[in-house]
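Reviewing the structure listed below.
Computed from a predicted model, the values in this text were never measured in an experiment. When a ligand or atom number is given, it counts from 1 through the structure's own listing order.
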Amino acid sequence: MPTAIRQITPVFAGEVSGIDITKPITKDEVSAIEAGMDKYAVLVFRDQRFTDEEQMAFSQNFGAIENAHGGNITKPENKRLASGMNDVSNLGKDGKPLPLDSRQRMFNLGNMLWHSDSSFRAIPAKYSLLSARVVNPKGGDTEFADMRAAYDALDEATKREIDNLVCEHSLMYSRGSLGFGEFSEEEKQMFKPVRQRLVRTHPVTGRKSLYLSSHAGAILGMPMPYARILLRDLTEHATQPRFVYAHKWKPFDLVIWDNRQTMHRGRRYDETQARDVRRTTVAGDAPTVAQQAAE
Ligand SMILES: [Fe+2]
């Protein structure tokens, strides 16, 4: 059966059939997937029984794997997965669910806030690829919001107001909003805010999108309360059900999303049971705006 993409919601997201992506794929197939990503922004592939090595090899068709340093508080010696794999599970190195009061677990709860992966990096991520290895028995959907459709639906005055605004993003903002505010000096240094445009233009399609994330906590030149109200207001607008696709995981689903045109969040699940989902991240190729000169 030739590769086909079926659109899932009225605005975005597609389900791909007719391709085994655990094996090496051709240049034409890579191009077809990229074209699908540009159009649908989220692609779902069912029944792809990846090993970590195969997932990394498939991901590298779309660019270099992002260096994960500075994206988490988990110390290298406590990591369950090899370098290049982001652990989005609730599991410790022993393969068992982490205690509920584990600092690592609580930090990772930030994934349940709407965000775009690595928006806290000066060069933020291009694609994320999430592979479900063990699906939790209760909850744990991932929701995606189409930030192009959300931008298009803004009124003209709001578009003019926000078109050139620049935000500051940091893991300390997203975690701080959950009351997780204790960071070591080393972590504070690692999580220093970076600048991102509030409105991005897709390099291939030219479509504009809102570049929101719970990591965004300030807007340059705007007093904090005004900035936070604007960001909340835009986030509320952008995450209305008409812009959202909720993915219900089956074992061995692989979902790819374009972080430049979507936000996502995990939903709550039974924390006493395993949820083993593994992410590879394809690095972006440029900052969205000039960063502050080094001090
Ligand atoms: Fe994420």
Do K93 and E77 pass the salt bridge (Lys or Arg N to Asp or Glu O under 4.0 Å) test, and can you show the C-alpha distance, the side-chain angles, and the key distance before you say yes or no?
CA-CA 9 Å; K93 226 179 160 181; E77 61 270 25; over 6 Å; no
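Among residues two or more places apart in sequence or in another chain, the side-chain hydrogen bond (donor to acceptor under 3.5 Å, both in side chains) test is passed with N72 by T74, N108.
With a 6.0 Å cutoff to the six-membered ring centre and a 45° limit on the axis angle, K126 does not count as a cation-pi contact of F62. In this structure, R175 is positioned above the aromatic face of F107, its NZ or CZ under 6.0 Å from the six-membered ring centre and within 45° of the axis.
Around the Fe ion (ligand 1), the protein atoms of type N, O or S found under 2.8 Å away are H115 NE2, D117 OD1, H264 NE2, listed by chain and number.
Counting only distance, with no hydrogens or angles, the side chain of R197 and the backbone of D163 share a donor-acceptor pair below 3.5 Å.
Under 3.5 Å, the side chains of S213 and S116 contain no donor-acceptor pair of N or O atoms.
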